[in-house]
Structures are given as structure tokens and as C-alpha cells.
Visitor: 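A single structure is presented below for examination.
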Amino acid sequence: MTAINDVAVQQNRQQFYLFLARLYEHEVSPALLRQLRQLTYPTACGEVTLQAGYDQIHTFLTANSHVDAIDDLAVDYAKVFLAAGEPKGKAAFPYESVYTSKQKLIMQEAWEQVQAEYAAAGLALVTEQTDIKEDHIAVELKFMAHLVRTEASLAQQQIFLHRHLLNWVPQFCQDIARYSRTTFYPGVAKLTLGFLQMEAKLLVTADAPAPKPPSYALSYAAMDQIISQWQEHYHVYAPKLMASRNPDQPELVRFGEINSVKEIVTDRQSDFSAKEIYYPIMQTLFYFNQNGCQESQLTDDKDIILFLHPCDINALKRTDNIFLKNGGNEDIYYKRLRDKLKIVLLECEQSLPNCFCVSMHTNVSHNYSLAVRLGTDGVQVQVQDPSLAAAFSGMQPSQFTPKFVTANKQKAVLPEINNTAELKLAGHLDYWHKFDNNCIGCGGCNTVCPTCTCFDTTDVRYNETSPDGERRRVWSSCMLDSFTRTAGGRCVRKTPGANMRFKVLHKVYDYRQRFGGSENMCVGCGRCIARCPQDISVLDTINEFHDALEKAKSEVQ
Amino acid sequence: MENIMLPQAHKILKVLRETQAEYTFRVAYDRPTAYNQFFQLSIPKIGEAPISISGRGVGYLEFTIRKTGRLTNGIFGLGPNDTLFMRGPYGNSFPVADFEGKDLVVICGGTGMAPLKTILNHFYDHPAIARSVHLITGFKDVNAVLFSDELAKFAQKFHTIYCLDNMEAPGFHQGFVTQYIKEIPFADFADYNVAIVGPPVMMGLAAQECLANGAQEDKIWVSFERRMSCGVGKCGHCKINGTYVCLDGPVFNYTKAKNLFD
Ligand code: SF4
Ligand code: SF4
Ligand code: FES
């Protein structure tokens, strides 16, 4: 039986639903086509229809040049799904109603039904595309992804899958094969059908509830013993008090190596995020001389156990997206450290003053090897990762499951940007000028942010005359006035206000758009608020931005 | 696993001096590239900068680099047989296949001609594949004129207007490229494309001027220049809105480009 509760399986299922949805939602864009070309296609995935789909898509991509493929796919998309240039009826209309209503019309009973089901889940469809209705295949697929992501019960997932998708998609897929002129969309149809059939099987076999991961209660001393055992193979990092570099300054909370869980600071947010552990401030990429370059190697062979609050576990997903997904390529320097990480979820006793994780939906995470509660009478641990289980055998079992904060003192109301016109409006608000006079462009906010990933590279020569040296990369910051400066000395963003608009839009809009999910880049950890020497709060900024945008929208109408 | 940050050593075959400030480096290279894709070139003592291909031939590529500030200076000490470290090619190119069989308008300012040169040469070498080529290119003054040999060559087969910002000279009009766009007979074209490369302000004004003269938005293509530290979507320097110039560009159709704001 596939471990349906496995986090990776969940993520793959969700991603696959979203991937299919994207294919049906619009024609294939050049960027998507590039991504499709870069994918590694399974050669023996074990499911016949699915495999046939993979093969067909792969063959199409290898047989057609980029430019040809873009055109052919655009034409085929319009023809198959929108019946462009076709006599009535000769198309695979991507709506459930068309396949389930007697009159073969859109917006019939099935459409009303799915709407009601979305509403029950607190969702409503928002789209700029007039051809997308609630029972469009892309929307139904996305809803399945939503059910998976929010961990809706398997029964619920099964019901939607059978009542809706499997009720019409098999016929729809036949129509795609019939009307398409490329081999690509029939391949997509096979992929869809194969995947949905696999889902049906998976959800049946998974009906029996998965065993609850074991939990234990132990003393602080016992926990510290386990830490010292771990230290043979791992560095164990957690937020703890560390001397500031400036001796006159108070101690800072940063991620450092601990020997005892008592060292962990939980009553305040760490000043710096954990990213310095897996994405160091400065790292050597390679060494060079006249003849070539040699990749730097990691010298430390220990792995890493990292204690993180849920917001920071969610932040890892953001940095993963940039370093491992953006552009369809992987950054090995990030990956080689990232692969060493084992995460320990550090339960939040309380929401801290600057936290707004609930607004950012980052208050919860199930992506961890262990979860711990540092209680007054001992330590509670839940073990999800078998590779760390041995140390706990023989400990006293407990019923512990981590709790998550469900409310913060403050809320972020995110700006609603629904189309290009509104994005333009958002980018040109007078509001942003406010920062020209108070942000000093120090970049401190980027430095402490767990989701800021930008960097510069510089070459260091060992001496003036030798060709030997190394290339390093160092964190950079979009708030610095030099961030966009080219060799010729030109900057495209020239003011603190422009930089602030850039940063904030990325944190609450651009990133989400680019990666096509519902998650924003900012995880609401509040570190940048505490850090800013000018008392600029990103939370206030988000809220004021929202208000200024709403006002601007109403003035346009 | 492939290390996308690791450059390869390539031999410099020749260094051509174009102007006081611009040099073309011819580098041994024999893998496929598309017209104006770019490479991240390692500049000795400094780091990397994105440079578009300005010329191609059997077994080599050319890059034209401007001596500006401290960033590109280090490269000017290099000569034939030295090694140049680079990685790429990155980014997209103008949709040249799409330009064939139609009228083509090329508008460039200063070093903006460099990335368009491979395309111009393509149409120069195969005159039959375009219905017509109109080239408007401008430089600051006579000392800044790039690729004079090729300008003379292009003048033989293309409709050309060459201009200098603030002086007149033999073969050159006085004024900005934008002043001469009205000479382009957009109304006579059945189908056409416009490619514009130059400083951002110039590209914006040139596109506006084309529109004012009857060009359609979706026929216009521009290429962006941005600071880039990685070229592969990681460093964040080239990002505009949700778009990464290194991945999604540098060439954009005007319908998309007009909505990007810095
Ligand atoms: S922008 Fe500020 S609140 Fe948001 S994740 Fe970064 S540091 Fe935390
Ligand atoms: S917002 Fe604050 S921390 Fe960020 S750059 Fe401006 S002054 Fe520095
Ligand atoms: S150049 Fe680094 S992200 Fe584009």
C-alpha cells in the first residue's frame, strides 16, 4: 500500500492535480513549454495509461522545435477545447455539465452542484478568464488539489473524485483524442485518465486509517542524552542566545549548535532566521585558475537536525521553489545542504508580538521528522521519521500531537490583485512614495527574512598578479540602492519607495503568481519588523497597501 | 548533477577594437546557440556579467563589450590565446523564424545593435527570406559608431537610416532614432515585425513612435538589459514583477513588455 499519509506523496498528488489543471487552463506558454522540455519523463511508472501519456508527450516534445510546438499547441488548444473554427459540437468541451446534462449544455446541474461543494469548503471561483466556469476540468482538478493540500478526509476526496471527475472525464478524454490534431493533447488526456484511475485505487486502499505516528514523553535529561547521541552524526541547530558581534549590543537569538534543549529560546522570535544554516551568508562556489574551475566541496560530512517553528518550515518551501524549481533547474550549492536537513517542529507555545502567520496560512506544518513540545514537566516528542525513531525506543509512550497557534494579535489583509490592470494600479500607487523619506535602504529586512534568497557573486583573487582565485556568492538585498545597477551604472529602480514596492509585491503577490499556488512568499514571521531601524512594519505596509489599492480601484470605477 | 553555476574555459581567438570603449571578443565555441541569446562571461578580477552574442561563425561566437566602470574593465587585458570563462547560452532570442517572409523593422540605439547583428546578418545572407528590412540605428557621435563595416554592408541591401544624436556626418543624419520612425511605411506592409534594442527610455519611446505610426502592439519586440548575477533564475537581480528576464526573456513581445514595471 502506498503511504498516502506520507508528506511527499501528498505533495506529489497535489502538484500533479495542479499540473494537469494548468494544461487545461490555458494554451501552453513558452515558459511552460520550456519546463515541459526539461522534465524527466518516467519510462516505467507502472500504470499503463499514465505511461502511454508520458511517452506520447515526450515524443511530441522531442519531435517538434520550440517555435513550432508553441504554434501548433496554441492552434490545437483552441480547436479542441474552444471549438475554434469547427462546426458546432466537434470539440471536447471541458465542462462537466456538457457531458452530464441531457441538452449537452454548459452551466447545468453539475455546475450548480460543484459550486455548492466549493462554497461548503469556503471557496469561490475567481478568474479573469470568461471561459472558465466552476465545472471546468481545470477548476475541478484544482479543487482536488485543495482537498489534498488541506488534508480533507480521504472519504471526502473519494466522493468528489467519483461524483464529479470520474463521472465525465473518461468520455471527455476520448473526445480529446478524437478531435486533436497534435499528439500532445491526446497524451495529456491519457495522463489525466491514468492519473485519476490511479487516484481512485489509492483512495480505496488508503481507506483504513494510517497508524498514528508514535509519541513519547521524556525528561529534559533524557532528551539531552538523545541530542548528544545525535551529535555523532548530526549538527543540532536551534534558536539560542548568542553574543552579538558588537559587544555593546545585547545578545541575539540566532540559530546555533545546541547541546541541550534548555538552550532553545522560545519566548521570543529569533532575530535571524535559520536560512544561514542551509544557505550561508557567504559561500565559495568554485576555485579557478588559468585552465579551469573546480567546484567547492563540503568538508563537513555530518547531517543537520534543525529545530524550526511552523512558519520557518513553510519558509523552506519558498526557498526550495527558488533554488530547486525556478527556471527548471537546481542549484547544487543549496541542494547539497538542503539534502542534509532533518526538521524538528518546535511547537509554538504562544503567538509572539510580531507574528502574523495565521494570515499567511503558515501557522501549520506537517513537514517534519519530529515534533517537540518543551513543557514545564518534560519534553513531548512525536516521531514521523523512522530514521530518527531508534533513539526513542523504550521511552514512555504518550498521546502527544503538536498544536498550532490559531490566532495572532495582528492580522494581515492581503491586497487583492485580480488582473493586469489592477497590478499596474498596485505598482503605481502614490502610497509607495511614503518610503522614499523613511526607508534608508539598509537591507536589514532582507537579511533576517527566511524567504529572501537573492545573492551577488564576486571573484576573489589570491593576489594581484596571480590568475588563481575563487568565486563566492553572498546574500544580496533588493532594498539596497545598488541592487539593479548594471555594469554601465544604470539602475532600473531608483528610490526606496520603488524598492519597497518591489519587495512587498514579491512577498505577497509575484511569487504566488509565478509558482501558481495559493502560498505567498512572506510567512509572517515578523523578523523584519523587529529588525527595521526605521520602525517600518511589513505588516502595516501590507495592510496599508491593501487599503490604498482598494481606494484606487474604487476611484477607477 | 550538473552544476549550473560552473563556467567553462574557452579560448579567445581574436580581439577587435570597435571604438575607444568597445571591443569585440571572438571566442572558440562550437555548440548550438540561438541568435541573440546571452552568456554569463567571467570578467577577470570582478565577476560575471550577461553579454549577448554579437556575431556567430563556424567554431566561434563574438561578444561586444563596452568598457564601462570597474565591472567590465578587467576583460580588456585579455588577448588571443587567453582563456575566457563563460556559461550559457541563456534566455530566449527574437523569434527569427517568425520574422521570415515578412517585412522586418530593426531599431537600435548604441550597443543595442550588438544583439541584433546576428539577425541582420541572417537576413543579409538570405535576402530572399524577408520581404524587406528597414534598419534604423543611432549612436551618440562619430566616435561611438559600432560595426562600421557591417553598417556599410547592410546599407547595400536594407533600407537604412543611420543617425547620430548631436552631430551630422557623412552617411549619418543628425537626431535620435525615434525621429526617423515616421519614415517606415507601416501602411504598405502586409505583415511585419519590429525589433527594438537600446537603453530602456529609447525602447519605450521607439515603441510609442511605432504605435503612433500605425504599428500594432503585438508586432513589436523588445529586449531588456538587466543586472544578472546568475542567468538561471536564482539570484533575483533581473526580476520584474513575476517575470525573470534571464528565464522568460530577455526578448518580450510589447504586449507583455508594456505591462512590466520597475
Ligand atoms: S517579509 Fe518579514 S514577516 Fe515576511 S517572512 Fe520575511 S521577515 Fe518574515
Ligand atoms: S524597510 Fe527598514 S530594514 Fe528594510 S531596508 Fe528599509 S530601513 Fe532597512
Ligand atoms: S539573472 Fe539571476 S535570477 Fe535572473
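Throughout, protein chains are lettered first and strands after them, A, B, ... in sequence-line order, and every chain is numbered starting at 1.
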Visitor: Cation-pi check for A:Phe502 against B:Lys239: NZ or CZ below 6.0 Å from the six-membered ring centre and within 45 degrees of the axis, yes or no?
Guide: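 Geometry flag: set, cation within 6.0 Å and 45°.
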
Visitor: With rounding to the nearest 0.5 angstrom, report the CD1 to CG distance, B:Ile240 to A:Leu505.
Guide: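 Answer rounded to 0.5 Å: 13.0 Å.
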
Visitor: With a 4.5 angstrom heavy-atom cut-off, could you sort out which part of A:His428 is near chain B: side chain, backbone, both or neither?
Guide: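 Side chain of A:His428 only, per the 4.5 Å heavy-atom cut-off to chain B.
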
Visitor: As an exercise: rank A:Asp68, A:Val67, A:Leu423 by heavy-atom pairs under 4.5 Å with chain B and give me the winner.
Guide: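 Greatest number of close heavy-atom pairs with chain B: A:Leu423.
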
Visitor: Looking at CD of A:Gln290 and CG of B:Asp82, how far apart are the two atoms once the value is rounded to the nearest 0.5 Å?
Guide: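 So the CD of A:Gln290 and the CG of B:Asp82 are separated by 7.0 Å.
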
Visitor: With a 4.5 angstrom heavy-atom cut-off, could you sort out which part of A:Arg512 is near chain B: side chain, backbone, both or neither?
Guide: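 Looking at A:Arg512, nothing touches chain B.
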
Visitor: Just by modelled atom types, is the A:Thr453 backbone N or O under 3.5 Å from a matching donor or acceptor in the B:Lys234 side chain?
Guide: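 No; judged by distance alone, with no hydrogens or angles, the pair does not exist.
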
Visitor: What residue, out of B:Met228, B:Gln8, B:Glu225, has the most heavy-atom pairs lying under 4.5 Å from chain A?
Guide: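 Option with the greatest count: B:Glu225.
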
Visitor: Using heavy-atom distances under 4.5 Å, tell me whether A:Ile322 contacts chain B through its side chain, its backbone, both, or neither.
Guide: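 Backbone plus side chain of A:Ile322, per the 4.5 Å heavy-atom cut-off to chain B.
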
Visitor: Compare every heavy atom of A:Leu285 with every heavy atom of B:Met5, then report the nearest pair and how far apart it is.
Guide: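 That would be CB-CD1, 4.4 Å.
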
Visitor: Closest heavy-atom contact between B:Leu6 and A:Cys293?
Guide: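 Scanning both residues completely, I find the closest heavy atoms to be CD1-CB, 4.1 Å.
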
Visitor: With a 4.5 angstrom heavy-atom cut-off, which part of A:Asn321 approaches chain B: side chain, backbone, both or neither?
Guide: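 Neither the backbone nor the side chain of A:Asn321 comes within 4.5 Å of chain B.
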
Visitor: Ignoring hydrogens and angles, tell me if any N or O in the side chain of A:His506 forms a donor-acceptor pair with the backbone of B:Gly242 under 3.5 Å.
Guide: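 Not confirmed, A:His506 side chain does not pair with B:Gly242 backbone.
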
Visitor: If we ignore angles and hydrogens, is there a donor and acceptor under 3.5 Å between the side chains of B:Asn3 and A:Tyr333?
Guide: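 Yes, because at least one side-chain N or O of B:Asn3 sits under 3.5 Å from a partner of the opposite role on A:Tyr333.
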
Visitor: Hey, are the side chains of A:Asp456 and B:His237 touching, using non-hydrogen atoms and a 4.5 Å cut-off?
Guide: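 Sidechains of B:His237 and A:Asp456: in contact.
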
Visitor: Pick from A:Asp71, A:Thr457, A:Thr458, A:Asn329: which one has the most heavy-atom pairs with chain B under 4.5 Å?
Guide: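 Top count of heavy-atom pairs under 4.5 Å with chain B: A:Asn329.
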
Visitor: State whether the number of non-hydrogen atoms from other residues, nucleotides or ligands found under 6.0 Å of A:Gln294 atom CD is greater than 12.
Guide: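 Incorrect, the count does not exceed 12.
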
Visitor: Of the backbone (N, CA, C, O) and the side chain (C-beta and beyond), which part of A:Lys325 lies under 4.5 Å from a heavy atom of chain B, both, or neither?
Guide: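 For A:Lys325, the contact with chain B is made by the backbone alone.
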
Visitor: Please determine whether the number of non-hydrogen atoms from other residues, nucleotides or ligands lying under 6.0 Å from atom CD of A:Gln38 exceeds 12.
Guide: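 Atom CD in A:Gln38 is crowded, with more than 12 foreign heavy atoms closer than 6.0 Å.
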
Visitor: By a 4.5 Å heavy-atom criterion (distance strictly below it), what part of A:Arg473 contacts chain B: side chain, backbone, both, or neither?
Guide: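 Interface part for A:Arg473: side chain.
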
Visitor: So with a 6.0 Å cut-off around CD of B:Gln20, is the heavy-atom count from everything else above 12?
Guide: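 12 or below, so no.
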
Visitor: Where do A:Phe455 and B:Cys230 come nearest, in terms of heavy atoms and distance?
Guide: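 Looks like CZ-CB, 4.0 Å.
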
Visitor: Name the option with the most non-hydrogen atom pairs under 4.5 Å to chain B; the candidates are A:Arg501, A:His66, A:Arg472, A:Lys494.
Guide: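 Winner by heavy-atom pair count: A:Arg501.
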
Visitor: Among B:Pro200, B:Cys238, B:Ala9, single out the residue with the greatest number of heavy-atom pairs under 4.5 Å to chain A.
Guide: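 Answer, by heavy-atom pair count under 4.5 Å with chain A: B:Pro200.
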
Visitor: So for A:Asn291, is it side chain, backbone, both, or neither that comes closer than 4.5 Å to the heavy atoms of chain B?
Guide: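 The answer is the backbone of A:Asn291.
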
Visitor: Without swapping roles, check the side chain of A:Arg34 against the backbone of B:Leu247 for a donor-acceptor pair under 3.5 Å.
Guide: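 Yes, the answer is positive, given that a donor and an acceptor are paired below the 3.5 Å cut-off.
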
Visitor: Answer with side chain, backbone, both or neither: which region of A:Leu324 has an atom nearer than 4.5 Å to a non-hydrogen atom of chain B?
Guide: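 The backbone, not the side chain.
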
Visitor: Could you walk me through whether B:Lys258 and A:Thr420 pass side-chain contact (heavy atoms from CB on, under 4.5 Å), step by step?
Guide: CA-CA 11 Å; B:Lys258 69 169 185 181; A:Thr420 322; over 6 Å; no

Visitor: Under the side-chain contact (heavy atoms from CB on, under 4.5 Å) rule, what do A:Val492 and B:Arg227 come out as? Steps first, then yes or no, please.
Guide: CA-CA 9 Å; A:Val492 285; B:Arg227 170 166 177 172; over 6 Å; no

Visitor: For chain A, which of B:Pro95, B:Ala97, B:Pro199, B:Gly236 has the most heavy-atom pairs under 4.5 Å?
Guide: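 Greatest number of close heavy-atom pairs with chain A: B:Gly236.
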
Visitor: Can you list every pair that meets side-chain hydrogen bond (donor to acceptor under 3.5 Å, both in side chains) and has a residue in residues 242-256 of chain B, with sequence neighbours left out?
Guide: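 side-chain hydrogen bond (donor to acceptor under 3.5 Å, both in side chains) check on residues 242-256 of chain B returns A:Arg514-B:Asp248, B:Gln208-B:Tyr254, B:Thr243-B:Lys256, B:Asn253-B:Thr255.
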
Visitor: What is the ring orientation for B:Phe85 with A:Phe288, classed by angle as parallel under 30°, tilted 30 to 60°, or perpendicular over 60°?
Guide: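 Judged by the thresholds at 30° and 60°, the geometry between B:Phe85 and A:Phe288 is tilted.
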
